[in-house]
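Working notes, beginning with the structure itself.
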Amino acid sequence: MWARRVFYNPTTGDVSRMWCANGSYRLLPQAEEAAICGITGCACMEWTEPDPEIEMAFSPTDADGNPRIVNVAVDVSGEAPRLVFNYEAV
C-alpha cells in the first residue's frame, strides 16, 4: 500500500503534518489520525497512488540532481486547495 497525506489549516493553508509511506500498514481514517496527533480544525489532502508530478515536486533533489530543501504549503484561495512548493538550497 502507498499513501501520502497533507494535513493543513483550511483558512491559512499552513501545513501541520505531512507524511508518505509505502508498505504494509493500516491507514487510519483522517479524523482518527488528526485526533491522535492533536491536530484540530484541519483539512487533509490524500493520495493513495503516487502522482508522478507531485512526487517529483517533493523530491529532495532537483532535475540536475542538486540537493534541495522542500517547503510545502496549501493554497486555499481558489475553488480547490492546491499544493504550493518552495525550494531552498542545502
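Numbering of residues begins at 1 and proceeds along the displayed sequence.
In terms of heavy atoms, Val74 sits closest to Pro81 at CG1-CB, 3.6 Å. Between Ala57 and Arg68 the shortest heavy-atom distance is O-NH2, 3.5 Å. Across all their heavy atoms, Trp2 and Trp47 have their closest contact at CZ3-O, 3.7 Å.
Within 6.0 Å of atom CD in Glu53, 12 or fewer heavy atoms from other residues, nucleotides or ligands are found, so the atom counts as exposed in its surroundings.
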Exercise. Apply the test side chain to side chain contact (heavy atoms under 4.5 Å, CB included) to residues Val72 and Val84: give CA-CA distance (whole Å), side-chain angles for both, the deciding distance (0.1 Å), then the verdict.
Key: CA-CA 6 Å; Val72 181; Val84 176; over 6 Å; no
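In terms of modelled atom types and a separation under 3.5 Å, the side chain of Arg5 and the main chain of Arg17 share no donor-acceptor contact. Distance alone, capped at 3.5 Å, is enough to place a donor-acceptor pair between the Asn9 side chain and the Thr11 backbone. Side chain of Tyr8 to main chain of Asp75: no donor-acceptor pair is present (N/O by atom type, distance under 3.5 Å, no hydrogens or angles).
Between the CZ atom in Arg4 and the CD atom in Glu55 there is a gap of 4.0 Å [rounded to 0.5 Å]. Within the model, atoms CZ of Phe7 and SG of Cys42 stand 5.5 Å from one another, a figure rounded to the nearest 0.5 Å. For the atom pair OH (Tyr87) and OG1 (Thr61), the distance works out to 10.5 Å, reported to the nearest 0.5 Å. For the atom pair CG of Asn71 and CD of Glu88, the computed distance is 4.5 Å after rounding to the nearest 0.5 Å. For the atom pair CD of Glu33 and CD1 of Ile39, the computed distance is 7.0 Å after rounding to the nearest 0.5 Å. Interatomic distance, CD1 of Ile54 versus CE of Met56, reported as 12.0 Å (0.5 Å rounding).
Using a 4.5 Å heavy-atom threshold, the side chains of Met18 and Phe58 count as touching. Between Leu28 and Ile36, the closest side-chain pair of non-hydrogen atoms falls below 4.5 Å.
Leu27 and Val6 sit in two unconnected hydrophobic clusters of ILVMFWY residues. Membership requires side-chain heavy atoms under 4.5 Å apart, directly or through other members. Both Val70 and Leu83 are members of a single hydrophobic cluster when ILVMFWY side chains are connected at heavy-atom separations under 4.5 Å.
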